Amino acid sequence: MGKWHGRCPSCGRFGAVIEELMAAAPAATGRGKGSFSEVDARPTPLDALDARPTPRHGTGMAELDRVLGGGVVPGSLVLLGGDPGIGKSTIVLMACNALQAAGITSLYVTAEESLGQLKLRAQRLGVRGDRLQVVSETNLERVAAHVEAVRPDILVIDSIQTVYDPRLEAAPGSVSQVREAASRLMYQAKGKGIATFVVGHVTKDGAIAGPRVLEHMVDTVLYFEGEQSSAYRILRAHKNRFGSTNEIGVFEMCADGLVEVANPSAHLLAERAEEASGSVVVPTLEGTRPLLVEIQGLAAPSPYGTPRRTALGVDSQRVALITAIAERAAGVDFVGQDIYVNVAGGVRLDDPAADLGVALALISSLRRLPVPATTVVLGELGLSGEVRSITQVEPRLGEAAKLGFTAAVLPARVAAKLTPPEGMTLHPVRSLDQACDAARAKG
Ligand code: TYD
Ligand code: MG
């Protein structure tokens, strides 16, 4: 029996319960039709399986291929999520375009924009070609018919929130429609070997009815991120059955489309004011990829009774902890100071190795002593001010050396086991206090 629910019995929140409409007959949903490939579904000994590498279509866009794990896998279902206006339609259209050169046919289903708008974007991007078929369609039954007619290698659904399965009564964009549409597309993808890209909008709070409900169904979940105010876009694999989730692709949104940024560190540091106090460069890792970022700290006397604490790009709790450690262990007095921390370029840091960089940026700002422009800083801070080991130091220092940095302040335990890259001097430190000396942030 149905019962009225205002409040979710499991999480206790109001308004979190969503109505789902079921299809009339379960058989009509495409489930229970047998295995995906409908070939040999008998159990096989594991040893008898041959492990051929997954065949892939390289898109020719190196940053995209890397995030996908080496190219598009035939028959895979890829969810491309991101805020509206971030560039999802742009990147898939560019990928379809690039794939034409390899003889790959794509069918781009625009369910959100008109064909006119699509054409305008294509002109802007310089996209053309007859292996790229487009259709304006929201009804998935008719999409299936178009797929039969075109027999594409790649299918793009832009977006999942605007297509619908006519067998369901629910409105497009509702949980039941989004889920049913995705499961239908998945059967089609697996059965016909069509790589399918599903575009989905995610609101900042990750709306429940949004593509989040699909994450467990699809093979790959990519998120396209970036600040509206900045031209940089980061493509991140959140889940990938065909590759690592540690890879990112970096792009810049320009007037004629997305341009791949092969050397993001150089871009991120391009506008750095050298020898300015409060600026520290940290070699962080985005997945397995080293990335040099500038951490900016500002400590300024507060005109208010309660000083402000603002952190952008780093966790504010972490910043609170680091300032407390600096006060206690390195004798830094932040009392009455407004504190701001910012990671330049709109990058989000979630790397304990950045702790020391945050601390030194703030101390350097407070004492007005610049950290030398050719020094990088890395290390995790413990509660008593000790500098703790971090992982993967070699690729981090390698990237720093490549960009002309000549000194590194780093945990002593790590430094002892390391051969520094050529031309780089190591300053091993055990405590925040020692790090201030090594970074010349102490007068
Ligand atoms: P779009 O791909 O439509 O975003 P989404 O599909 O994620 O909603 O891109 C939207 C923004 O990108 C739009 O504000 C205009 C900008 N843009 C450029 O700056 N250069 C370009 O070449 C294109 C196509 C778009
Ligand atoms: Mg779009």
Side-chain angles (χ1 to χ4, degrees), residues 59-61 63-64 67-68 72 77-100 106-129 132-138 140 143 154-164 172-173 177-178 181-182 185 196-207 209-212 214-215 218 220-238 248-261 264 267 345-346 348:
T59 63
M61 295 167 73
E63 298 289 306
L64 174 62
V67 177
L68 286 169
V72 184
L77 188 61
V78 180
L79 172 66
L80 175 63
D83 288 329
I86 205 75
K88 301 179 295 296
S89 303
T90 306
I91 195 172
V92 278
L93 192 60
M94 289 176 73
C96 292
N97 181 46
L99 281 160
Q100 293 186 99
S106 308
L107 175 60
Y108 191 114
V109 177
T110 170
E112 203 163 86
E113 292 172 321
S114 67
L115 288 174
Q117 286 169 307
L118 184 69
K119 180 70 184 170
L120 279 179
R121 175 183 292 112
Q123 276 174 344
R124 195 169 165 183
L125 299 173
V127 168
R128 50 186 307 280
L132 178 47
Q133 303 271 331
V134 295
V135 63
S136 171
E137 187 61 78
T138 50
L140 277 178
V143 169
I154 308 253
L155 173 67
V156 175
I157 303 289
D158 189 1
S159 68
I160 190 75
Q161 277 111 335
T162 43
V163 290
Y164 69 96
Q177 273 294 2
V178 165
L185 290 166
T196 305
F197 283 86
V198 170
V199 172
H201 296 292
V202 186
T203 50
K204 276 257 171 341
D205 58 351
R212 287 271 158 102
L214 306 181
E215 283 180 353
V218 302
T220 302
V221 179
L222 305 181
Y223 277 107
F224 210 25
E225 304 171 351
E227 299 297 322
Q228 293 285 2
S229 55
S230 144
Y232 289 104
R233 303 283 182 267
I234 295 184
L235 185 66
R236 209 182 282 273
H238 186 76
I248 60 161
V250 185
F251 298 85
E252 188 179 356
M253 183 62 98
C254 299
D256 53 356
L258 290 158
V259 179
E260 301 181 54
V261 180
H267 273 255
R348 261 194 303 112

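Ligands are counted one by one from 1 in listed order, and the atoms in each one are counted from 1 as well. Here the structure is a predicted model, which means the values were calculated and not measured.
With contacts defined as side-chain heavy-atom distances shorter than 4.5 Å, the pair Phe224/Leu222 does not qualify. Side-chain contact between Gln117 and Glu112 is absent, with no heavy atoms from C-beta onward closer than 4.5 Å. Between Thr90 and Met253 there is a side-chain heavy-atom pair separated by less than 4.5 Å. Here the side chains of Leu77 and Leu214 are not in contact, with every heavy-atom distance at 4.5 Å or above. Between Thr196 and Val218 there is no side-chain heavy-atom pair separated by less than 4.5 Å. The shortest distance between side-chain heavy atoms of Pro172 and Thr138 does not fall below 4.5 Å. A 4.5 Å side-chain heavy-atom check between Val156 and Leu93 finds every atom pair outside the cut-off. A heavy-atom distance below 4.5 Å is found between the side chains of Leu132 and Gln100.
Short contacts between ligand 1 and Thr90, defined as distances under 4.0 Å to a heavy atom of the residue, involve ligand atoms 1 (P), 2 (O), 9 (O), 24 (C). Residue contact check: Ala255 has heavy atoms under 4.0 Å from atoms 20 (N), 21 (C), 22 (O) of ligand 1. Within ligand 1, counting atoms from 1 as listed, the ones closer than 4.0 Å to a heavy atom of Leu125 are 22 (O), 24 (C).
Tally of protein N, O or S atoms closer to the Mg ion (ligand 2) than 2.8 Å: 1.
The parts of Lys88 lying near ligand 1 are both backbone and side chain, judged by heavy-atom distances below 4.0 Å. For Asp256, every heavy-atom contact with ligand 1 shorter than 4.0 Å involves the backbone, none the side chain.
Not one N or O on the side chain of Glu113 forms a donor-acceptor pair closer than 3.5 Å with the backbone of Leu118.
Taking only nitrogen or oxygen atoms, main chain and side chain alike, His201 does not reach within less than 3.5 Å of ligand 1. Considering both main-chain and side-chain atoms, Cys254 comes within under 3.5 Å of ligand 1 through a nitrogen or oxygen pair. In terms of N/O distances under 3.5 Å, ligand 1 is approached by Gly257. For the pair Ser89 and ligand 1, the shortest N or O to N or O distance falls below 3.5 Å. Residue Gly87 places at least one N or O, backbone or side chain, under 3.5 Å from an N or O of ligand 1.
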Let me see the working for Leu125 and Met94 under side-chain contact (heavy atoms from CB on, under 4.5 Å), right down to the final yes or no.
CA-CA 8 Å; Leu125 299 173; Met94 289 176 73; 3.9 Å; yes
Check against side-chain contact (heavy atoms from CB on, under 4.5 Å), Ile91 and Met61:
CA-CA 10 Å; Ile91 195 172; Met61 295 167 73; 4.2 Å; yes
